[in-house]
Amino acid sequence: MPQRHGGGMLAAAGVLLATVVFGLPARADAAGPETAGTARAVGAVGAGDGRVLFRDSVPTFDVRLAIGSDAVLRVRETITYDFTADGGRGVIRRVPYRKGRRLYEVRNVRSGSSTGAPARAATLRMPNSVRIRVGDEGRKVRGRQAYVIEYEVAGAFTRHPDRDELVWDAVGDTWEVPIGEAAVRVEAPVPLRKAACHAGRPPAVTRCLRHRDGPFAVDFTQTGLRPREGMVVRVRLPRGAVAVPPPRYARPHWRGTWLGPAALALALGGTALVARRRERIRELGRRPGALLLTSGIALVVADAGTEVVADGPWEYGVGDMSVIGIALGVLGAAVTHVHRSGASDHATVNGR
């Protein structure tokens, strides 16, 4: 019986630790190549012989990337979408605001439809992207519809010693349906002498067809994009041609010192001591365990609160206060479990 109590208590402490640690907001640093957005809609079905038949499709996808003298990228996308007979409730675009620790700013989102489809834009910040849902959840549309999505992206340019550079996937590489014809127009306040485009899945290697429309604009086209194939545009401007601001970076995952891990190690060691002093712990009652657990939760909430309110849950970094809170929670869970297991055994004996 004593070993059962100790093992159960340690198991409960381990479960609490895993729950708190892995339940913290996801902060994926390993983002893929720079992409300008993704879109999604139901469309792929199996043909029964290994082939994939796409019921939905994007006949045309036109993008205008206007580079301002302030280095802000102003984007206008015109998307035609063929819905199946079952219809759909609109399209979803995901515009990244993060690559690794590098942060962009996506703002001033607007949308419309020239075919009369519901075109209200609802945005939601995800771990690495801003999700833009255009449509109406309560109303389906069918046939060919056209959507216009506009937004601005700040911080997308990177300053190098000899140039200012923009690398941007103007179509996005996570479409789940094929795109018949895609066109990307790049406009700049200075002559575009170095601009290129490659299509395909990352890393894109197929050269897009290029058309020049004066010194300040370049057009790229690509036909027959398959699912998850994008168009990555690379623009190099002379250094200082646009006002590139300093890059912004997310807070690191870990921003603590040795104090937090030391407290957690002591707490884990303390669970073993609790297991050996079960009778003494039971005499203390339930109050110490509840106090430790509540204090631990309060420390984690206090540590995360300021960052979450200011920058959203995805920018939360773990510090010493959070780890100490986890340590107190683990110890409090161990004490609480010992007290409850003792009460359960006492009730079982009395029942007999």
Side-chain angles (χ1 to χ4, degrees), residues 20-42 63 65 68 70-77 79 88-112 118-138 147-158 166-176 202 228 230 232 245-255 300-319 322:
V20 175
V21 172
F22 292 105
L24 292 175
R27 299 173 44 100
D29 265 352
E34 287 188 69
T35 59
T38 61
R40 173 178 64 83
V42 177
V63 184
L65 303 177
D70 54 0
V72 174
L73 189 64
R74 294 170 174 86
V75 184
R76 178 184 174 91
E77 302 172 356
I79 306 165
R89 294 179 172 83
V91 295
I92 293 177
R93 290 282 285 149
R94 287 185 173 87
V95 182
Y97 68 85
R98 177 173 181 160
K99 177 183 179 290
R101 289 186 55 213
R102 176 75 179 270
L103 296 177
Y104 313 127
E105 181 185 1
V106 180
R107 64 196 188 196
N108 296 334
V109 177
R110 302 177 298 277
S111 61
R120 179 182 177 184
T123 61
L124 177 65
R125 192 176 184 187
M126 306 297 286
N128 295 301
S129 63
V130 174
R131 188 186 73 172
I132 306 172
R133 178 187 290 275
V134 181
D136 186 343
E137 280 293 305
Y147 298 94
V148 177
I149 305 174
E150 297 179 277
Y151 53 89
E152 297 177 354
V153 183
F157 268 88
T158 300
L166 169 72
V167 180
W168 202 252
D169 190 335
V171 173
D173 59 14
T174 59
W175 283 85
E176 298 175 359
R228 300 186 180 276
V232 179
R248 293 175 55 239
Y249 295 97
R251 297 182 182 89
H253 291 291
W254 172 248
R255 51 181 177 76
V300 173
V301 171
D303 190 34
T306 303
E307 293 179 351
V308 170
V309 171
D311 303 311
W314 312 118
E315 302 306 322
Y316 169 50
V318 179
S322 290

Trace of the side-chain contact (heavy atoms from CB on, under 4.5 Å) decision for V232 with V167: CA-CA 7 Å; V232 179; V167 180; 3.9 Å; yes
Walk me through it: do R93 and E77 pass the test salt bridge (charged side-chain N to carboxylate O under 4.0 Å, His left out)? CA-CA 10 Å; R93 290 282 285 149; E77 302 172 356; 2.5 Å; yes
Run L124 and V130 through side-chain contact (heavy atoms from CB on, under 4.5 Å) and show every step you take. CA-CA 6 Å; L124 177 65; V130 174; over 6 Å; no
Does I132 form a side-chain contact (heavy atoms from CB on, under 4.5 Å) with V95? I'd like the steps, not just the answer. CA-CA 8 Å; I132 306 172; V95 182; 3.9 Å; yes
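Residue-environment remark: CZ (R120) stays at or below the threshold of 12 foreign heavy atoms within 6.0 Å.
Between F157 and W168, the ring centre distance reaches or exceeds 6.0 Å.
At distances below 3.5 Å, at least one donor-acceptor pair connects side-chain atoms of R89 with backbone N or O atoms of E137. Between the side chain of S129 and the main chain of R94, no donor-acceptor pair closer than 3.5 Å is present.
Under the rule for a side chain to side chain donor-acceptor pair (under 3.5 Å), the partners of R102 that lie at least two apart in sequence or sit in another chain are T158.
Here CG of L73 is found 9.5 Å from CD of E152. Values are rounded to the nearest 0.5 Å. Taken to the nearest 0.5 Å, the OH atom of Y97 stands 9.0 Å off from the CE atom of M126. Here the straight-line distance linking atom CZ of R125 with atom CZ of R98 works out to 9.0 Å at 0.5 Å rounding.
Residues P118 and D136 approach most closely at CB-CB, 3.5 Å, considering heavy atoms. Here the closest non-hydrogen pair linking G230 and V171 is CA-CB, 4.3 Å. Closest non-hydrogen pair, A71 versus P245, comes out as CB-CD, 4.3 Å. Of all non-hydrogen atoms in V63 and A170, the two that sit nearest each other are CG2-O, 3.5 Å. Between P96 and V106, the closest heavy-atom pair is O-CG2, 3.7 Å.
No donor-acceptor contact under 3.5 angstrom links the side chains of Y151 and R74, judged on distance only.
Checking each of I149, V148, L65 against R76 for a side-chain contact (heavy atoms from CB on, under 4.5 Å) leaves exactly one that passes, namely V148.
Residues V134 and S111 form a side-chain contact, since some pair of their non-hydrogen atoms from C-beta on lies under 4.5 Å apart.
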